[in-house]
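Each ligand, and each atom within it, is numbered from 1 in the order the structure gives. Side-chain atoms are counted along with the backbone in the values below, which use heavy atoms only and exclude waters and symmetry mates.
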Amino acid sequence: MGRLPGGGLAKGLAVTLRTMTRRSITRQYPEVAPDLPPRSRGVIALLEENCTVCMLCARECPDWCIYIDSHKETLPAEGGGRARTRNVLDRFAIDFALCMYCGICIEACPFDALFWSPEFEYAEYDINELTHERDRLREWMWTVPPPQAHDAAAEPPKEIAAAEKAMARSARGAGGRGAAERGAGGRDGPGRRP
Ligand code: SF4
Ligand code: SF4
């Protein structure tokens with residue numbers, strides 16, 4: 001069957017009309033801030049107090065865009081023990097011109113020192129300016145959203161469970177010591193022999 005003359009034009013106009021009557025989804029950024037999900041992968045924030053300079057993140061990064069420098073510090077011996085050495089962080093930087101936002105560094109960090117922040121307004125005119133140093137990475141920690149609350153029926157978070165266990169253990173220890181002391185000195189204590 002042959003095509004009707006002008007059929008293509010009518011089809012094109014129909015698409016134009018359909019699109020014209022749809023609501024626009026354009027966001028007027030920067031006048032109107034985008035409504036991003038709180039867990040968006042905007043930038044990587046560093047909690048440097050938690051960083052032990054173990055280098056795992058830098059080693060696992062597929063782009064080799066994490067730069068870490070450190071030096072060793074000797075801590076004086078305490079209570080007759082040997083002097084200890086520890087790593088002190090001198091530089092922690094991420095080149096966001098190379099980073100592909102895979103999140104491997106955050107997953108690999110065993111000390112909870114790296115987090116996703118939804119912050120995204122760090123564009124620069126010069127690509128060399130996209131390497132951000134530890135102070136800027138630390139500042140972004142303030143924009144990291146708090147962890148989501150667990151389901152009411154879920155087990156308590158590991159950290160809280162571990163802290164509660166330690167508290168219960170120390171309370172049991174104190175209680176046991178108290179009972180032993182009462183037993184040794186009291187009239188009806190278990191330490192009193194007939
Ligand atoms: S998100 Fe991926 S590419 Fe970016 S610094 Fe971390 S490991 Fe490297
Ligand atoms: S893996 Fe974590 S603790 Fe280790 S160097 Fe990287 S940020 Fe620091």
Among protein heavy atoms, which sits nearest to [atom], and what does the distance come to when rounded to 0.1 Å?
atom                    : result
atom 1 (S) of ligand 1  : Gly103 N, 3.2 Å
atom 4 (Fe) of ligand 1 : Cys99 SG, 2.4 Å
atom 2 (Fe) of ligand 2 : Cys109 SG, 2.4 Å
atom 3 (S) of ligand 1  : Met100 N, 3.4 Å

Numbered atoms and elements of ligand 1 in range of [X], under 4.0 angstrom, heavy atoms:
X      : answer
Cys102 : 1 (S), 2 (Fe), 3 (S), 7 (S)
Ile44  : 1 (S), 6 (Fe)
Pro62  : 7 (S)
Cys65  : 5 (S), 8 (Fe)
Tyr101 : 1 (S), 4 (Fe)
Cys61  : 3 (S), 5 (S), 7 (S), 8 (Fe)
Ile66  : 5 (S)

Taking only heavy atoms of [X] into account, list the atoms of ligand 2 that are under 4.0 Å away from them.
X      : value
Val53  : 5 (S)
Phe111 : 3 (S)
Cys51  : 3 (S), 5 (S), 7 (S), 8 (Fe)
Met55  : 4 (Fe), 5 (S)
Phe92  : 7 (S)

Output the distance between atom [atom1] ([X]) and atom [atom2] ([Y]), rounded to the nearest 0.5 Å.
X      : Y      : atom1 : atom2 : result
Ile44  : Phe92  : CD1   : CZ    : 8.0 Å
Lys11  : Thr16  : NZ    : OG1   : 12.5 Å
Ser117 : Arg41  : OG    : CZ    : 13.0 Å
Leu98  : Ile66  : CG    : CD1   : 11.0 Å
Cys51  : Leu114 : SG    : CG    : 7.5 Å
Ile94  : Cys99  : CD1   : SG    : 6.5 Å

Using 30° and 60° as the class boundaries, would you call the ring planes of His132 and Phe96 parallel, tilted or perpendicular?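 It falls in the tilted class, 30° to 60°.
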Tell me yes or no: between the side chains of Tyr29 and Glu121, is some donor less than 3.5 Å from an acceptor?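 Glu121 and Tyr29 do have a side-chain donor-acceptor pair below 3.5 Å.
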For this output row, return yes or no: ring centroids of Tyr122 and Trp140 closer than 6.0 angstrom.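 Yes, the ring of Tyr122 comes within the 6.0 Å limit of the ring of Trp140, centre to centre.
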Are there more than 12 heavy atoms of other residues, nucleotides or ligands under 6.0 Å from atom CD1 of Ile127?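 12 or below, so no.
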Would you kindly specify which portion of Leu114 sits under 4.0 Å from ligand 2, judged on non-hydrogen atoms: side chain, backbone, both or neither? side chain
Would you call Arg134 and Glu48 a salt bridge, taking side-chain N to carboxylate O under 4.0 Å as the test?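 Yes, this pair counts.
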Among Cys57, Cys54, Pro110, Cys105, whose heavy atom sits nearest atom 6 (Fe) of ligand 2? Cys57
